[in-house]
> 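Below is the structure I would like to discuss, written out as structure tokens.
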Amino acid sequence: MNDIDAPLPPDALARRLTEVYDLVGPLYRRAQRGVEQGLAADGLSVGVRAVLTMLRRGGPMTVPQMGRAQAISRQFVQRMVNDAAAQGLVESIPNPAHRRSSLIRLTDRGRDTIDEVLDREHRLLREVGPGLTDADVTTCLRVLGAMMTALDHVADA
């Protein structure tokens, strides 16, 4: 094991993770602006896109489940679901596990719409860091996951 592979002492780790946080904020805001620009032609907001993506990947979910998954308020998710429903992209169906909390699922139109959005984004992401390896991405995900876990005590919006 060389120096770069050795675990960092807590103070050094904190300084390095601060560098990650310093990049994550601007990265998120730039990505959000880029997504917004790409979604403008589809008439979608970033919030509606997030709802459609969750449903595409996870199947029907309740509004509270979506809020927890994204660490955002149930009220915000409900507004995004309402917007998506008004566009015919999602629909409510009965929830056998809970009478008062309907499941939200994609309509065929919603599935087609989010598939087009994700395909477009996939084409753009193919151009990111051509020298990156699977190990690089795995390490990035592990670090970001650990940072998220460390913030589990912070209340969601």
Side-chain angles (χ1 to χ4, degrees), residues 17-130 132-157:
L17 292 178
T18 297
E19 294 176 51
V20 174
Y21 279 119
D22 289 345
L23 282 174
V24 167
L27 171 64
Y28 173 78
R29 288 184 290 279
R30 283 185 187 177
Q32 185 171 9
R33 283 193 297 273
V35 168
E36 286 171 344
Q37 291 168 0
L39 295 175
D42 299 311
L44 299 178
S45 67
V46 172
V48 169
R49 179 217 176 272
V51 164
L52 298 180
T53 301
M54 278 188 287
L55 296 174
R56 184 68 177 112
R57 293 186 177 146
M61 301 172 78
T62 66
V63 168
Q65 287 171 330
M66 287 186 263
R68 283 190 299 275
Q70 291 294 309
I72 53 179
S73 75
R74 184 198 61 75
Q75 293 83 1
F76 179 77
V77 174
Q78 186 64 63
R79 285 195 307 273
M80 296 304 102
V81 166
N82 292 347
D83 290 351
Q87 296 177 59
L89 304 172
V90 300
E91 61 188 359
S92 291
I93 59 172
N95 181 354
H98 195 282
R99 270 191 213 159
R100 294 180 50 194
S101 189
S102 298
L103 289 170
I104 308 301
R105 73 174 174 197
L106 291 171
T107 61
D108 290 341
R109 180 176 176 205
R111 182 171 285 100
D112 291 346
T113 298
I114 195 59
D115 285 349
E116 290 171 18
V117 168
L118 294 173
D119 286 348
R120 184 174 56 241
E121 291 172 1
H122 178 85
R123 287 190 300 275
L124 292 171
L125 289 172
R126 288 175 49 126
E127 306 304 317
V128 174
L132 293 176
T133 66
D134 186 52
D136 294 332
V137 176
T138 299
T139 299
C140 177
L141 291 171
R142 185 171 58 82
V143 170
L144 293 174
M147 293 171 76
M148 280 290 289
T149 299
L151 295 172
D152 278 351
H153 67 283
V154 176
D156 293 335

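Note that the structure is predicted; figures quoted are calculated from it, not measured.
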> Just by distance, do the side chain of Ser92 and the backbone of Ile104 share a donor-acceptor pair under 3.5 Å?
no

> Could I get the full list of side chain to side chain contact (heavy atoms under 4.5 Å, CB included) partners for Asp115, not counting sequence neighbours?
Arg56, Arg111

> By the side-chain hydrogen bond (donor to acceptor under 3.5 Å, both in side chains) test, which pairs, at least two apart or in different chains, include something from residues 57-66?
Thr62-Gln65

> Going by the rule side chain to side chain contact (heavy atoms under 4.5 Å, CB included), which residues pair with Gln78 if we only count those two or more places apart in sequence or in a different chain?
Val63, Arg74, Val81, Asn82

> Check Val90 against Ala85 and note the closest heavy-atom contact, atom names and distance.
CG2-N, 3.5 Å

> Please name all residues satisfying side chain to side chain donor-acceptor pair (under 3.5 Å) with Thr149, sequence neighbours left out, ordered by chain then number.
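Thr149 satisfies side chain to side chain donor-acceptor pair (under 3.5 Å) with no other residue.
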
> In Å and rounded to the nearest 0.5 Å, what is the CE to CG distance from Met148 to Leu141?
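It is 12.5 Å, given to the nearest 0.5 Å.
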
> Thr113 vs Leu106, test: side-chain contact (heavy atoms from CB on, under 4.5 Å). Steps then yes/no.
CA-CA 10 Å; Thr113 298; Leu106 291 171; over 6 Å; no

> Which residues satisfy the salt bridge (Lys or Arg N to Asp or Glu O under 4.0 Å) test with Arg120, sequence neighbours excluded?
Asp42

> Under the rule for side chain to side chain contact (heavy atoms under 4.5 Å, CB included), what residues qualify as partners of Tyr21, not counting sequence neighbours?
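Side chain to side chain contact (heavy atoms under 4.5 Å, CB included) check on Tyr21 returns Met147, Leu151.
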
> If the condition is salt bridge (Lys or Arg N to Asp or Glu O under 4.0 Å), which residues does Glu127 pass it with, not counting sequence neighbours?
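If we apply the salt bridge (Lys or Arg N to Asp or Glu O under 4.0 Å) test to Glu127, skipping adjacent residues, there are no hits.
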
> Of all the heavy-atom pairs spanning Ser45 and Leu39, show the shortest one and how long it is.
O-CD1, 3.5 Å

> Please walk me through it: do Val143 and Leu17 pass side-chain contact (heavy atoms from CB on, under 4.5 Å)?
CA-CA 9 Å; Val143 170; Leu17 292 178; 4.0 Å; yes

> Should Thr133 and Asp136 be marked as a side-chain hydrogen bond (donor to acceptor under 3.5 Å, both in side chains) after you check the CA-CA gap, both sets of side-chain angles, and the distance that decides it?
CA-CA 5 Å; Thr133 66; Asp136 294 332; 3.2 Å; yes

> Please check if the number of heavy atoms outside Asp108 that lie under 6.0 Å from its CG is greater than 12.
no

> Answer yes or no: is there a side-chain heavy-atom contact under 4.5 Å between Ser102 and Pro94?
no

> Can you see which heavy atom on Leu103 is nearest to which on Pro96, and at what distance?
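Smallest interatomic distance, heavy atoms only, reads CD1-CD, 4.2 Å.
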
> Restricting to side chain to side chain contact (heavy atoms under 4.5 Å, CB included), what partner residues turn up for Glu121, sequence neighbours left out?
Val35, Arg49, Val117, Leu118

> Is there any salt bridge (Lys or Arg N to Asp or Glu O under 4.0 Å) pair reaching into residues 77-98, and which pairs are they, with sequence neighbours excluded?
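Qualifying pairs: Glu91-Arg105.
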
> Provide the closest heavy-atom pair for Ala69 versus Met61 in the form atom of the first, atom of the second, distance.
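Ala69 and Met61 have their closest heavy atoms at CB-CE, 4.5 Å.
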
> Do Val51 and Leu89 have side chains that approach each other closer than 4.5 Å (heavy atoms only, starting at C-beta)?
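In short, these two side chains do not touch, never coming nearer than 4.5 Å.
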
